[in-house]
**Student:** 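Can you read through this structure? Questions will come right after.
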2 protein chains.
Amino acid sequence: MVSADNGSARSPRAGAAAKAPAITREALAAAGLAVLRREGLDALSMRKVAAELGVRAASLYYHVQDKEQLLDLLADSVVWDARKLATTGDWEHCLREAAHAYYRHLHANRDAARLMAGRRTPGPNLLYVLDVMLSRLHQAGFSDAVAARATLTISTYVQGYVLQEQVPKAPHREPDAASELSAACRTTTAAQYPNIMSLIAVKKSGDTKELFSFGVERLIDGLRAQLPGGPEN
Amino acid sequence: MVSADNGSARSPRAGAAAKAPAITREALAAAGLAVLRREGLDALSMRKVAAELGVRAASLYYHVQDKEQLLDLLADSVVWDARKLATTGDWEHCLREAAHAYYRHLHANRDAARLMAGRRTPGPNLLYVLDVMLSRLHQAGFSDAVAARATLTISTYVQGYVLQEQVPKAPHREPDAASELSAACRTTTAAQYPNIMSLIAVKKSGDTKELFSFGVERLIDGLRAQLPGGPEN
DNA sequence: AGTGGGAACCTAACGGCGTTAGGCAGCCGT
DNA sequence: ACGGCTGCCTAACGCCGTTAGGTTCCCACT
């Protein structure tokens, strides 16, 4: 579930393990994802991840330098499955499928977008996906500059969209008082900003994927005009 | 700097203040923004905001229910200036200017995008901006459905873009060891993902606004094709 | 066979965090 | 004069990330 190469990670001397490690980097990521799914990003603490593994918090620092590094690990794990993406068909199809696959994987993990938002570097799995998209666009005839901008723009849009979709869930307060108050607030809103209601209508339409697709299709439409020749492969 | 109507906020009995309040909601927002600018979102705590006002942390809870509510306040303050936006010229011009204005205001405040990312509701100032854009698009001939989707898509893109741009700053570690390690990591990256370098080239080109504009223009291009008749107004 | 060393966990503790409870000064209308 | 309210205060709770300093146990080497 995690990247194959642990790269610069601390590892036991090759071929000689002193003690069977109960906690691997993969197990750490899995435990983190479990806590994330159950309690959300705000409640994810070192202590809870450790408890998920039947271990105390301090032990995690043997495998990970920081909480930040643990979050990096989780962020990359989320994108892991997105590596399988289509490279057949025309560039529009590939781009669309990649965007939707990325969307699905972020959408499937609670608070995934907010998790990604805090990372300093994209992580190897995401880098791989970007790399593939980039080469596909380049192959389709886009210039280096346009292909790079297109790739970044699409991935930015996907992350931004899921971010707005995955509103952080509160533990929930009193439902009666809250609904009454929000109802009053809503009428005020309607009075002050008459057009906003249609936004709410779109957001409430249930099919969250439809709005997402709208943006992707508009971007693809806009990108098509950037092809040097006519549309090819 | 904050919304004019405090709405449902607790307020002294109209026309009778028991004691001159040293802390207003505006001062609270200003202090929060000051801490945000100086130390970043991760280091923003109730205690520090309170200290900025010459006050202890517990006192803030008289003016604000939660830290969440304080962040809501800050988030809305950031968008405050974006209310002044153009409604003259054709819809493309309006949309472009609104997007750039929104971008500028997020860009100008440290960690502003990550701040917005956590909010549950858009806040009145942002709602106003969305409302104006919506009415302008509607006036230009877009259908209700398309105008709503376009507005949401653009605002999503802007927030997503700034989010990736405003990478959280670490307090800074050892510069020597860090640069050496990152250099090694970079060559590994280049070997594994050959196309990624062009992405880095685009990101490093300095003019961050250019990449942002690319996305906006592509979206506008894509939206133009959604107009029922030809381009009008 | 004995021993050194390192891997992988532990307990204890630090300071900072968000938040709540309860107290006290000063100004208000009566 | 005085009760009540506003607007601050101090003290404390429990949780957090992180560090310091063990302890145990297996492996490699002599």
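Below, chains carry the letters A, B, ... as their sequence lines are ordered, and counting in each starts from 1.
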**Student:** Nearest whole angstrom, please: distance from the P of dG17(D) to the CD of E68(A).
**Tutor:** 11 Å
**Student:** Decide yes or no on side chain to side chain contact (heavy atoms under 4.5 Å, CB included) for M133(A) and Y102(A), but give the supporting numbers first.
**Tutor:** CA-CA 12 Å; M133(A) 285 172 68; Y102(A) 191 21; over 6 Å; no
**Student:** With respect to the phosphate group of dG7(D), does any side-chain polar atom (N or O) of Y62(B) fall under 4.0 Å of OP1 or OP2?
**Tutor:** yes
**Student:** Please find the pair of heavy atoms, one from L137(A) and one from A150(A), that lie closest to each other, and give the distance.
**Tutor:** CD1-CB, 3.9 Å
**Student:** When the distance from CZ of R25(B) to C1' of dG7(D) is rounded to whole Å, what number comes out?
**Tutor:** 15 Å
**Student:** Any side-chain hydrogen bond (donor to acceptor under 3.5 Å, both in side chains) pairs touching residues 40-50 of chain A, not counting sequence neighbours?
**Tutor:** E39(A)-K48(A), D42(A)-R114(A)
**Student:** Protein-nucleotides 11-14 of chain C N/O pairs closer than 3.5 Å?
**Tutor:**
from    : atom 1 : to     : atom 2 : distance (Å)
dT11(C) : OP2    : R56(A) : NE     : 3.4
dT11(C) : OP2    : R56(A) : NH1    : 3.3

**Student:** Checking E52(A) now: which residues fulfil salt bridge (Lys or Arg N to Asp or Glu O under 4.0 Å) with it, not counting sequence neighbours?
**Tutor:** R38(A)
**Student:** Would you kindly say whether T208(A) and Y103(A) are connected by a side-chain donor-acceptor distance under 3.5 Å?
**Tutor:** yes
**Student:** Tell me which residues in residues 38-46 of chain A lie within less than 4.0 Å of DNA chain D, going by non-hydrogen atoms.
**Tutor:** L44(A), S45(A), M46(A)
**Student:** According to a strict under-4.0 Å criterion, is H63(A) in side-chain N/O contact with OP1 or OP2 of dA7(C)?
**Tutor:** no
**Student:** Just how far, in rounded Å, is C1' of dC16(D) from CG of L70(A)?
**Tutor:** 14 Å
**Student:** What is the distance from CD of Q69(B) to P of dG18(C), rounded to the nearest Å?
**Tutor:** 15 Å
**Student:** Not counting sequence neighbours, which residues clear salt bridge (Lys or Arg N to Asp or Glu O under 4.0 Å) with E210(A)? List them please.
**Tutor:** R149(B)
**Student:** Between L74(A) and A29(A), what is the shortest heavy-atom contact and its length?
**Tutor:** CD2-O, 3.2 Å
**Student:** Rounded off to whole Å, could you give me the CD1-to-C1' distance for the I23(A) and dC9(C) pair?
**Tutor:** 8 Å
**Student:** Return the set of residues passing side chain to side chain contact (heavy atoms under 4.5 Å, CB included) with T156(B) (not counting sequence neighbours), or none when no residue passes.
**Tutor:** Y157(A), Y161(A), Q164(A)
**Student:** For the residue pair D111(A) and L41(A), what are the closest heavy atoms and their distance?
**Tutor:** OD2-N, 2.7 Å
**Student:** Could you check how far NZ of K48(B) sits from P of dC17(C), rounded to whole Å?
**Tutor:** 5 Å
**Student:** Could you check how far NZ of K67(A) sits from P of dT18(D), rounded to whole Å?
**Tutor:** 8 Å
